[in-house]
**Student:** 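The structure under discussion is supplied below as structure tokens; questions concerning it will follow.
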Number of protein chains: 2
Amino acid sequence: MSKGDRAVARERIIESMEQSAEVYGLSRSAGRIYGVLYFSENPLSIPDLVEETGYAKSTISNVTRTLTRIGLIHRRSSEGGGRRVHYSAEREIWFILQDVFQQYIKREIQTTLRTIQRAQAQLPDDSETEVERIEELRETYEDFQEIVTLASNFTAAELREALESYDR
Amino acid sequence: MSKGDRAVARERIIESMEQSAEVYGLSRSAGRIYGVLYFSENPLSIPDLVEETGYAKSTISNVTRTLTRIGLIHRRSSEGGGRRVHYSAEREIWFILQDVFQQYIKREIQTTLRTIQRAQAQLPDDSETEVERIEELRETYEDFQEIVTLASNFTAAELREALESYDR
DNA sequence: CAGTTTGTTCGGTACACTCCGAACAAGCGA
DNA sequence: TCGCTTGTTCGGAGTGTACCGAACAAACTG
């Protein structure tokens, strides 16, 4: 196997990560930066990433901040205590998804549920259509909340096991 | 309870749907149109929706097409066999989510997995870093695929039950 | 048949987002 | 102290997207 073959395989997968990034609401640059870090043996600095990706320094700076906030990559101050900062990829993708569940989906569900509950509190029982519809919504969202809460506390293996072993 | 109170509650929830729409990659108009249909007693035509939402006719036409394609709303030709078309909301939100899982997430996972497998097929076994990383990725995505496949065949109640009854 | 209503398509505008380069701040070594 | 390197911030160019209004096609109504 030549070095070139490995490079080609790596490049294909990084391109696939660029595409996935877009699907999940991130920019293509975010996908590439994550990909480069994913395959890198050592943590990389911003100048390293400029070299590897071809993006401008400012782009790397901005994207690494958002990726760090989301938890897709980790920021480490250099060992020497210097100013230089290094980034490494979080390779346990399940951790990332758990964070997405916890921070975004769960939050989104909770916000909606609270809106529904507040709206409901102002409306006495009544057979009007709006009231029925709102009650329907509340029940649905309570189910979702429970499912997401449970799922986000499992590991991927546990989740898989739970689903595989469940007998209807 | 005054008619006004119900209108206010309805409006709040529709605003919440507008926001959710953005989170899931749709436009705000899509959220509002879905919301209006969700609360409507009868299916509504495009002119009805123009009246209710204030959006231009062309916007309603375009958005209803995408919402129909996704399965969030249903399109019904008028009973009289006329040209007039009516839309109604799919209120079983779990069906919608199952579709999202099936069509988008599962597809996205499959595409990625195929890329990984093709890349792997070209690389003989070897202890190089890229090869290890690619193997790691493949295992992770195979787990995801299994989880999504199983989950998308459950009803919301079954899924909740499966997670609640699983004993580690 | 003409006039009206309904729905789609097309071009254009406004706005947000991505990325770049330049300017700047902050620490390093001489 | 003065360069040199690293990282952040800011303004702007290019691009895609949401929405609008106008023009058009198709069916009903008198």
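Note that the structure is predicted; figures quoted are calculated from it, not measured. A note on names: the letters A, B, ... follow the listed sequences, proteins ahead of strands, and every chain is numbered from 1.
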**Student:** Between A:Arg76 (CZ) and D:dG7 (P), how many Å, whole number?
**Tutor:**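 Value for this atom pair: 15 Å.
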
**Student:** In this structure, how many angstroms lie between the P atom of D:dG7 and the CD1 atom of A:Ile60, rounded?
**Tutor:**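 These atoms are roughly 11 Å apart.
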
**Student:** Between atom NE2 in A:His86 and atom C1' in D:dT6, what is the gap in whole Å?
**Tutor:**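 My rounded result for the distance is 10 Å.
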
**Student:** Less than 4.0 Å between a side-chain N and a carboxylate O, is that true for A:Arg28 and A:Glu15?
**Tutor:**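 No, no charged N to carboxylate O under 4.0 Å.
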
**Student:** What string of B, S and - do you get for nucleotides 13-18 of chain D 5' to 3' if you count protein non-hydrogen atoms under 4.0 Å?
**Tutor:** -----S

**Student:** Can you confirm whether B:Lys57 sits close enough to B:Ile46 that some side-chain heavy atom of one is under 4.5 Å from a side-chain heavy atom of the other?
**Tutor:**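 Contact flag for B:Lys57/B:Ile46 side chains = yes.
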
**Student:** If we only count heavy atoms from C-beta on, is the B:Tyr55 to B:Ser29 side-chain gap below 4.5 Å?
**Tutor:**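 They are in side-chain contact.
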
**Student:** Rounded to the nearest 0.5 Å, how far apart are OG1 of B:Thr140 and CD1 of B:Ile116?
**Tutor:**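 The distance works out to 8.0 Å.
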
**Student:** Enumerate the salt bridge (Lys or Arg N to Asp or Glu O under 4.0 Å) contacts for residues 92-105 of chain A, please, sequence neighbours excluded, ordered by first and then second residue.
**Tutor:**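 Non-adjacent pairs meeting salt bridge (Lys or Arg N to Asp or Glu O under 4.0 Å): zero.
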
**Student:** Phosphate oxygens OP1/OP2 of C:dG7: is one of them under 4.0 Å from a side-chain N or O of B:Ser61?
**Tutor:**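 For C:dG7, neither OP1 nor OP2 has a side-chain N or O of B:Ser61 closer than 4.0 Å.
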
**Student:** Taking the inter-plane angle between the rings of A:Tyr38 and A:Tyr34 on a 0 to 90° scale, is it parallel (under 30°), tilted (30 to 60°) or perpendicular (over 60°)?
**Tutor:**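 A:Tyr38 and A:Tyr34: tilted rings.
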
**Student:** Any carboxylate oxygen within less than 4.0 angstrom of a Lys/Arg side-chain nitrogen, looking at B:Arg114 and B:Glu108?
**Tutor:**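 Not counted as a salt bridge, because no side-chain N and carboxylate O are separated by less than 4.0 Å.
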
**Student:** In whole angstrom, give the distance that lies between atom CZ of A:Arg84 and atom P of C:dC28.
**Tutor:**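 A:Arg84 atom CZ is separated from C:dC28 atom P by 13 Å.
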
**Student:** Starting from P on C:dT6, measure out to OH on B:Tyr87 and report it in whole angstrom.
**Tutor:**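 To the nearest whole Å, that distance equals 14 Å.
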
**Student:** On the 0 to 90° scale, with breaks at 30° and 60°, tag the A:Tyr166-B:Phe154 ring pair as parallel, tilted or perpendicular.
**Tutor:**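 If you compare the ring of A:Tyr166 with that of B:Phe154, the planes turn out perpendicular.
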
**Student:** What is the separation between atom CZ on B:Arg65 and atom C1' on C:dC10, rounded to the nearest whole Å?
**Tutor:**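 Computing the B:Arg65:CZ to C:dC10:C1' distance gives 12 Å.
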
**Student:** Before accepting this row, confirm whether a basic side-chain N of the pair B:Glu132/A:Arg10 lies closer than 4.0 Å to the acidic partner's carboxylate O.
**Tutor:**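 Salt bridge absent between B:Glu132 and A:Arg10.
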
**Student:** Can you tell me how far P of D:dA27 sits from CD1 of B:Ile46, to the nearest Å?
**Tutor:**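 One finds 15 Å between P of D:dA27 and CD1 of B:Ile46, rounded.
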
**Student:** Once you round it to whole Å, what is the distance between C1' of D:dT6 and CD of A:Glu51?
**Tutor:**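 Spelled out: CD on A:Glu51 to C1' on D:dT6 is 16 Å.
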
**Student:** I'd like a table of atom pairs between the protein and nucleotides 21-24 of chain C - only N or O on both sides, under 3.5 Å - with the distance next to each one.
**Tutor:**
unit_1, atom_1, unit_2, atom_2, d
C:dG21, N7, A:Ser58, OG, 3.2
C:dG21, O6, A:Ser58, OG, 2.8

